[in-house]
Amino acid sequence: MPATETASAGAPGATTERFYSEALRDALRLEMQRDPRILVMGEDIAEHGGAFQVTAGLLAEFGPDRIRQTPISEIGIVGAGVGAALTGLRPVVELMYIDFSGLAIDQIVNQAAQNRFMFGGQARVPLVVRTQGGSGRGNAAQHSKSLEAWFTHVAGLKVVMPATPADAKGLLTAAIRDDDPVMFIEHKLLYRTKGPVPDGEYVVPLGKADMKREGSDLTIVTWSREVLFALEAAAKLAAEGVDAEVIDLRTLVPLDRAAILSSVRKTRRLLVVHEAIKRGGYGGEIAALVAEEAFDDLDAPPRRLAGVETPIPYAAHLERGVIPQVEDIVRVAKELVG
Amino acid sequence: MPATETASAGAPGATTERFYSEALRDALRLEMQRDPRILVMGEDIAEHGGAFQVTAGLLAEFGPDRIRQTPISEIGIVGAGVGAALTGLRPVVELMYIDFSGLAIDQIVNQAAQNRFMFGGQARVPLVVRTQGGSGRGNAAQHSKSLEAWFTHVAGLKVVMPATPADAKGLLTAAIRDDDPVMFIEHKLLYRTKGPVPDGEYVVPLGKADMKREGSDLTIVTWSREVLFALEAAAKLAAEGVDAEVIDLRTLVPLDRAAILSSVRKTRRLLVVHEAIKRGGYGGEIAALVAEEAFDDLDAPPRRLAGVETPIPYAAHLERGVIPQVEDIVRVAKELVG
Amino acid sequence: MIIDRATALDLYRVMRRIRRFEQRSTTLFGENKIWGTIHSYAGEEAIAAGVCAHLRDDDWITSTHRGHGHCIAKRADLGKMYAELLGRETGYCRGRGGSMHIADTSKGNLGANGIVGGGIPIATGAALTARQLGTDQVAVSFFGDGAANEGTFHESLNLAAIWKLPVIYVCENNQYAESLPVGKAFATDDIASRAVGYGMPGVNVDARDVRLVYAVAGEAIALARAGGGPTLIVAEAYRHEGHYYGDPQHYRAKEEIEVWRATFDPIINARAWLTSDGVATEAEIDGVDREVDEETEAAIVWAETGPIASPITPEEIYASY
Amino acid sequence: MIIDRATALDLYRVMRRIRRFEQRSTTLFGENKIWGTIHSYAGEEAIAAGVCAHLRDDDWITSTHRGHGHCIAKRADLGKMYAELLGRETGYCRGRGGSMHIADTSKGNLGANGIVGGGIPIATGAALTARQLGTDQVAVSFFGDGAANEGTFHESLNLAAIWKLPVIYVCENNQYAESLPVGKAFATDDIASRAVGYGMPGVNVDARDVRLVYAVAGEAIALARAGGGPTLIVAEAYRHEGHYYGDPQHYRAKEEIEVWRATFDPIINARAWLTSDGVATEAEIDGVDREVDEETEAAIVWAETGPIASPITPEEIYASY
Ligand SMILES: Cc1ncc(C[n+]2csc(CCOP(=O)(O)OP(=O)(O)O)c2C)c(N)n1
Ligand SMILES: Cc1ncc(C[n+]2csc(CCOP(=O)(O)OP(=O)(O)O)c2C)c(N)n1
Ligand SMILES: [Mg+2]
Ligand SMILES: [Mg+2]
C-alpha cells in the first residue's frame with residue numbers, strides 16, 4: 001500500500017467535485033477493476049444501488065456475481081464474507097445501517113477479528129464491512145445510532161470513519177487493500193455532501209488523523225459528521241477571537257495518538273466531540289489518553305461533548321437536540337478557553 | 001425496592017459463608033418463591049444446573065416450565081425474554097458466555113433497551129440477562145472476553161458486575177425487581193470464591209458503588225474479579241506504606257459518580273483497573289469523568305491499567321499475561337504515588 | 001368458515017380504513033408534514049384484517065416497519081396514529097417513535113419494528129407469557145417474506161414448536177423485500193414448507209380474498225388457543241406501492257405493477273363478493289367508504305392540532321435510575 | 001458405492017486415529033497437561049472419516065468445538081495437534097488457540113470453532129470463493145444437532161441454496177447438545193426435512209457404518225463439484241463421552257450410555273465388515289491399530305518436547321498496524 005496520499009491516475013493532482021457517495025463508489029469501482037477478487041455483497045445494492053446509492057451503476061458494470069445482492073440475512077452474509085476472505089477473496093459487505101450490525105457482530109468479533117490470532121497467525125481476513133450510522137433523518141431509534149465505540153473495543157478490528165468525500169475515497173481504497181478486517185463506518189447525512197476528490201487511484205493510509213484546521217487556542221478532536229460541525233464552529237469561534245485546531249481522526253483504530261498529543265501539547269486544551277452517546281463512547285478513550293499522557297500540558301480539564309444518553313427520538317426538533325450541534329461546540333469551546 | 005441494603009429474613013443480620021454461585025442461586029430461589037412471574041431461561045440450565053452451577057437444584061424445586069432449558073438459539077431466547085417481559089413476566093435469561101452475547105445483542109439493544117422510549121413510555125421491560133465473562137480458564141478467545149463496555153454504551157440498559165458473593169445476591173435481587181432491562185455480568189473465576197452472604201431477602205440497590213477498602217493515598221476504581229486483585233494489591237501496598245482506597249463500582253450503569261469523585265478528591269490520585277482491553281474500555285469513561293470533573297484535585301495524571309489489546313490466548317502462561325495481575329496493580333500504584 | 005354480515009362488513013371497513021390511512025399518509029408525507037420514512041401497506045390489507053378479526057384486545061401482535069395496517073386492524077385510534085407520524089405529543093409514542101415504532105400496548109400491539117424479523121421472537125415471548133400464566137391468550141407475529149430469511153425466524157419458530165406456544169406466524173409475502181424479488185431470495189416457491197422442518201403446520205393463503213385469510217387464521221388461532229401450538233401462515237399478496245415513500249422502483253416494471261394492482265386488490269375483491277353474495281349493496285359499501293374517509297379526515301385534523309412532542313425526560317428512558 | 005480395499009482400510013485407520021487421539025487427549029487432560037476444555041469425538045468418527053475421504057487438500061472444511069476428528073480426517077499432523085493442546089509454540093496455533101481453535105489452512109481446515117453454528121456461514125463463504133473463482137473446490141461445514149437451531153444455520157443454508165454454492169452441510173446428530181437431548185430441541189425427528197424449506201436435498205445417514213456415510217457424502221460432494229449446489233446431510237450418531245472432559249452427565253443414564261456404546265461404535269462396526277467381507281484379516285486390522293497407537297505416542301512425545309508458546313507479538317493480531 002502506498003505509504004502516503006497519492007492521486008496517481010490521469011493528470012497528477014487533478015480533482016473533481018464529487019458527492020461522498022460518489023467518492024465511495026469511485027473507490028469501489030477502481031478497486032474492483034484492479035482486483036477481480038473483490039466482491040461486494042449486501043442488501044438492496046443491485047438494481048436499487050444501495051440504500052444511499054453508493055453502489056448505483058455498479059451492477060451494470062460488474063454484474064450480479066460481483067455486486068451480489070443478498071436476502072436479509074446479516075449474520076449469514078457477513079459470515080460468508082469472513083469465509084470468502086479466509087479463502088482468497090477480498091469481500092466488501094454492506095450492512096445497511098450500523099444499528100443492524102448487532103445481528104452480525106458475532107461473525108465480526110468472534111471470527112473475523114480473532115481468526116488470525118486464534119490460528120497462530122495462519123490467517124488473513126481482508127474483509128471490509130461497510131455500514132453507516134448517525135441520526136438526522138427522522139429514522140428514529142433503530143436506524144440512527146452511532147456505535148463505533150463497540151468496534152474500537154475489539155482487538156483485531158480496524159475502525160474507519162471518513163468525514164469528507166476525499167477521505168471517503170482514499171480510506172475505502174486503503175481499507176479494501178488492507179489485510180485485516182475493517183469496519184468502515186459512513187454517515188447517512190454525509191452522502192450528499194460534496195468536495196474535491198482526487199481522480200484515479202487515491203489512498204489515504206489507515207491510522208493517520210488529519211488536521212482539518214490549524215489553530216492555537218484549543219484542540220477539537222472529532223470524526224465523521226461532527227467534523228463538519230466542528231469546522232463550522234471553528235469559523236464562528238475565529239470571528240470571536242478563538243482559534244480552534246480541528247483534528248479529524250478519520251481512523252479510530254489504529255488511533256493516531258501522536259497527532260492528538262502533539263496538538264494538545266500545543267493548544268493546551270482538549271475538546272472531544274462525537275455524535276454517539278457520551279457514556280462508554282470513544283470520547284472517553286481520547287480524553288483519558290490525553291489526561292494520562294499530557295496531563296501537565298493541559299491548562300484546563302479535558303471536555304467531551306457528545307450525544308445525549310437517550311435512544312434517538314423521531315420528531316425532528318427532538319432529534320436535533322440529542323446530538324452536538326454547531327452552537328453547542330461554540331459554547332463549550334468558549335467555556336473551555338474562557 | 002428497599003432503598004438500603006437489608007437482610008430481612010431469619011435472624012436479622014445473620015450471614016452464611018457461601019460461594020458466589022450459591023449466592024446467585026439463593027437470590028434466584030428467593031425471588032422465584034416470592035414472584036411466580038419470574039421465569040429462568042437458558043441453555044444447559046436444567047439437569048446440568050448451568051455451565052457454572054448457578055441454577056443447580058432449581059429444576060427440582062420449580063419444574064421445567066420455570067427453569068426452562070432452551071435450544072442453542074441466543075437471539076430467539078433473549079427475544080422471547082423481551083416479549084415475555086413486555087407482557088407481564090419477569091424473565092431472567094442466561095447467556096452462557098458474554099462472548100455469545102453478540103448473537104443476541106440486537107434484541108438487547110434495539111428492542112429491550114429502547115422499547116420503553118420508542119413507545120413513548122408505554123412499556124416496561126423487566127428483563128435480566130445473566131451472563132459471565134473474563135479469562136483465566138484456558139477457554140481462549142471466544143470464551144474469555146470482557147465486553148461490559150458495549151452494554152454501558154446503550155441508552156436504556158443497566159449494567160451490573162458483582163465482585164463478591166454478598167453483592168452477587170443483593171444485586172441480582174435488585175436486578176430482578178428492577179423494571180428496566182439489566183445486563184448482569186458475572187465472572188467465571190468468581191463462582192468458586194466464598195464470602196459471607198446475608199440470609200433471607202437481601203437487596204443491594206443498583207447504582208451504588210461500594211468502598212471495599214478505605215485509604216488515603218490513591219483511589220483504585222475497579223469491578224468484577226479485579227476487585228479481588230485490587231484488594232490483594234492494597235494489602236501489599238499497605239505493607240509498603242501506600243494506603244489505597246478501593247472502590248468497587250458494582251453497577252457500571254447507573255454509575256455512582258459521586259462515590260468516585262469524592263474518593264478522588266480525597267486521595268488526589270486515580271487508578272482504574274479492569275480486565276477488558278484498554279482501548280474503548282469503560283476505564284476510559286471513568287478516567288475521562290475524573291479528568292473532567294476533578295482535574296484540579298488531581299496530583300497526578302489518572303491511570304488506567306487494563307487488558308492487553310489482544311484476543312485472549314489459550315496457553316496458561318500467555319493468558320495470565322494479558323490481564324492485570326496483583327503485581328501489576330502494585331507496580332502501577334507505586335508509580336502513581338511515587 | 002361462514003362469515004356473518006357484520007363480520008364481513010367489518011372486514012371490509014378495516015381494509016378500507018387501512019387503505020385510506022395509507023393514501024392520506026402519502027399525501028401528508030408529500031406535504032412534508034411527515035418526517036423519516038413510511039412504508040405503505042396498500043394491497044396487503046386482507047392479511048391484517050383477516051387475522052386480527054379473530055383477536056381480542058388482550059391478544060398480542062408484533063408488527064413491522066410496514067405496520068400501519070396491523071395497528072389499525074388491532075383497533076388503534078387513527079388520530080393517535082397520525083399524531084405520531086406528525087411528531088405530536090398526542091401520538092401513540094409521543095412523537096418519539098414515528099411510523100416504525102407505533103405501539104399500542106393497551107390493545108396488545110407490541111409495536112411496529114424497524115428491525116426486519118425483530119418482532120418474531122418478541123411475539124414468541126408474548127405467547128410464552130400466556131403459557132406460563134395459563135391464559136388462553138394468543139400472539140400473532142406479522143412479518144415479511146424478507147424476514148423469513150432472518151435467523152430470528154428460524155430460532156423463534158423452533159422454540160414455539162417445541163414448547164407448543166400459542167403463537168401464529170404470519171408471513172406476508174408481498175413478492176419483494178425492498179428491491180429483492182422473492183424468486184431471488186428463496187430457492188423454493190413454497191415458503192410455508194419451512195414449517196415442516198419445525199414440526200408445525202404450514203399453510204398458504206391467497207390474500208386477495210379476505211375471506212380466505214379469515215378462514216385460515218381462524219383455524220390457526222383456535223388451534224393455538226386450545227393449546228395446539230403454533231402455525232405458520234404464508235399469505236400471498238402484492239405490494240401496490242414502492243417499498244417506501246419515494247422509492248424509484250428500478251427493480252420492477254411499471255406494467256407489472258399495473259397488472260397486479262388491477263388483479264390483486266383485496267378491497268375491490270371484497271366489494272365484488274359483498275355485492276354478488278348479497279351481503280351488502282353498492283350503496284351500503286359506498287356508505288362505509290364515506291364513513292371511513294370522514295373519520296380519517298377527522299383523525300388528521302385532531303392530530304394536526306395536537307401539541308408538538310415535549311422534551312425528553314429521563315423516566316422515558318429508564319423506569320427508574 | 002463400491003469401496004476398494006485401500007479406501008476401506010484408510011477409512012478404518014482414520015477412525016481409529018481419531019479414537020486414539022481422543023483417548024490420549026483424555027489421559028493428558030487427566031494429567032493436567034491440557035488446559036481449558038476438550039470435547040471428545042469418540043463415537044462419531046465415521047462422519048469425519050466418511051466425508052473427508054472425498055476431499056482434496058484444497059477443499060475446505062469448517063469444524064466445531066468438537067473438532068479433533070474433522071482435523072484428523074482432513075489429514076492434520078497429530079504432533080502439531082497435541083502440541084496445540086499442550087500450549088506449545090509448535091502447535092497449529094502456536095498455543096494461542098487450544099482445542100477449540102485448531103486450524104490448518106494448508107489443508108483447507110478453516111478451524112474448529114467455539115461458537116456453536118459459527119462455522120456454517122464461513123463454509124458458505126468458502127464455497128462462494130470457489131464459485132467466484134470458477135474452481136471445482138467444495139466446502140464442508142460440520143456442526144452439531146444443537147447448531148441446527150442457530151440462526152446461522154438458517155441464513156447460510158438459504159444463501160447456499162439460492163446461489164447453488166458448492167457446500168455440504170453435515171449435521172452431526174449425536175443426540176445431545178450439552179445436556180439437552182434432541183427430543184427436547186426439535187419438534188420433528190427428521191432434521192433433514194429442513195432442507196425442503198431451503199430448496200436443497202436433505203438426507204439422513206446412519207453414522208454407525210462409515211460405508212454409508214462415505215456413500216452419501218460422495219454423492220453430495222460430486223453434486224456440489226459439478227455445480228449442482230448444496231446438500232444437507234444429517235448423520236445419526238451417539239456421543240460416547242460426556243459433552244466435555246469432566247461432564248458429570250446428570251442428564252443421561254449410565255445404562256443408556258452403555259447400551260449405545262455397545263451397539264453404536266463405527267470402529268467395531270468397521271472391524272466387523274472389514275473381516276466378514278474379506279477386506280482385511282483381524283491380524284491386518286490389529287496391525288493398523290498398532291501403527292496408529294505408535295504414531296500417536298510418537299506425536300505426543302514430539303509435542304511434549306516442543307517449546308512453550310512464545311510471547312504474543314502485534315503482527316499476530318493485525319497483519320499490519
Ligand atoms: C435487520 C434489518 N435488515 C435490513 C433492514 C432494511 N430493510 C427494511 S425493510 C426491508 C425489506 C423487508 O422485506 P420484507 O420482510 O419482505 O417486508 P416488506 O417490506 O416487503 O413488507 C429491509 C431490507 C432492516 N430494517 N432491518
Ligand atoms: C453460540 C454458542 N452458544 C452456546 C455455546 C455453549 N455450547 C458449547 S457446545 C454446546 C452444545 C453444542 O451442541 P451440538 O451443536 O449438538 O454439538 P455437540 O456438542 O453435540 O457436538 C453449547 C451449547 C457455544 N459455545 N456457542
Ligand atoms: Mg416483502
Ligand atoms: Mg449434539
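Just so it is clear, the structure is predicted and the values come from calculations on it, not from any experiment. Sequence lines set the chain letters: A, B, ... in the order given, protein chains first and strands last, and positions in each chain run from 1. Below, each value reflects all heavy atoms present in this structure, side chains not excepted, and no hydrogens, waters or symmetry copies.
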Minimum heavy-atom distance between [X] and [Y], given as atom pair plus value:
X: C:I122; Y: B:Q107; answer: CG1-OE1, 3.6 Å
X: C:P121; Y: B:G76; answer: CB-O, 4.0 Å
X: B:Q122; Y: C:T105; answer: OE1-N, 2.8 Å

Return the set of residues passing side-chain contact (heavy atoms from CB on, under 4.5 Å) with C:D77 (not counting sequence neighbours), or none when no residue passes.
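With sequence neighbours excluded, C:D77 shows a side-chain contact (heavy atoms from CB on, under 4.5 Å) to C:K80, C:Y92, given in chain and number order.
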Look at [options] and state which one has the largest set of heavy-atom pairs under 4.5 Å with chain B.
options: C:G97, C:A126, C:G151; answer: C:A126
options: C:T124, C:I102, C:T62, C:L110; answer: C:L110
options: C:G108, C:G118, C:S106, C:G95; answer: C:G118
options: C:L157, C:T313, C:I115; answer: C:I115

Rounded to the nearest 0.5 Å, how far apart are [atom1] of [X] and [atom2] of [Y]?
X: C:E315; Y: B:F117; atom1: CD; atom2: CZ; value: 12.0 Å
X: C:R131; Y: B:R68; atom1: CZ; atom2: CZ; value: 6.5 Å
X: B:D179; Y: C:Y318; atom1: CG; atom2: OH; value: 14.0 Å
X: B:Q114; Y: C:R96; atom1: CD; atom2: CZ; value: 14.0 Å

Assess the residue pair B:R177 and C:S320 against the criterion (side-chain contact (heavy atoms from CB on, under 4.5 Å)); give the C-alpha distance rounded to whole Å, side-chain angles, the decisive distance to 0.1 Å, and a yes or no.
CA-CA 11 Å; B:R177 295 181 185 186; C:S320 67; over 6 Å; no
Best-contacting candidate, [options], against chain C by heavy atom pairs under 4.5 angstrom:
options: B:P36, B:G83, B:G120; value: B:G83
options: B:V78, B:N110, B:V125, B:I72; value: B:N110
options: B:L86, B:L103, B:L39; value: B:L39
options: B:K158, B:R124, B:E74; value: B:K158

Report yes if the side chains of [X] and [Y] come closer than 4.5 Å at any heavy-atom pair, otherwise no.
X: B:D65; Y: C:W163; answer: no
X: C:L159; Y: B:P71; answer: yes
X: C:L128; Y: B:T87; answer: no
X: B:M118; Y: C:C93; answer: no
X: B:Q111; Y: C:N113; answer: yes
X: B:R37; Y: C:T129; answer: no

Report the C-alpha separation of C:Y321 and B:V253 in whole Å, then their side-chain angles, then the decisive distance to 0.1 Å, and conclude whether the side-chain contact (heavy atoms from CB on, under 4.5 Å) test is met.
CA-CA 9 Å; C:Y321 196 79; B:V253 179; 3.7 Å; yes
Engaged part of C:I312 at the chain B interface, taking heavy atoms whose separation is under 4.5 Å
side chain
Does either side chain, that of C:Q132 or that of B:R66, offer a donor lying less than 3.5 Å from an acceptor on the other one?
no
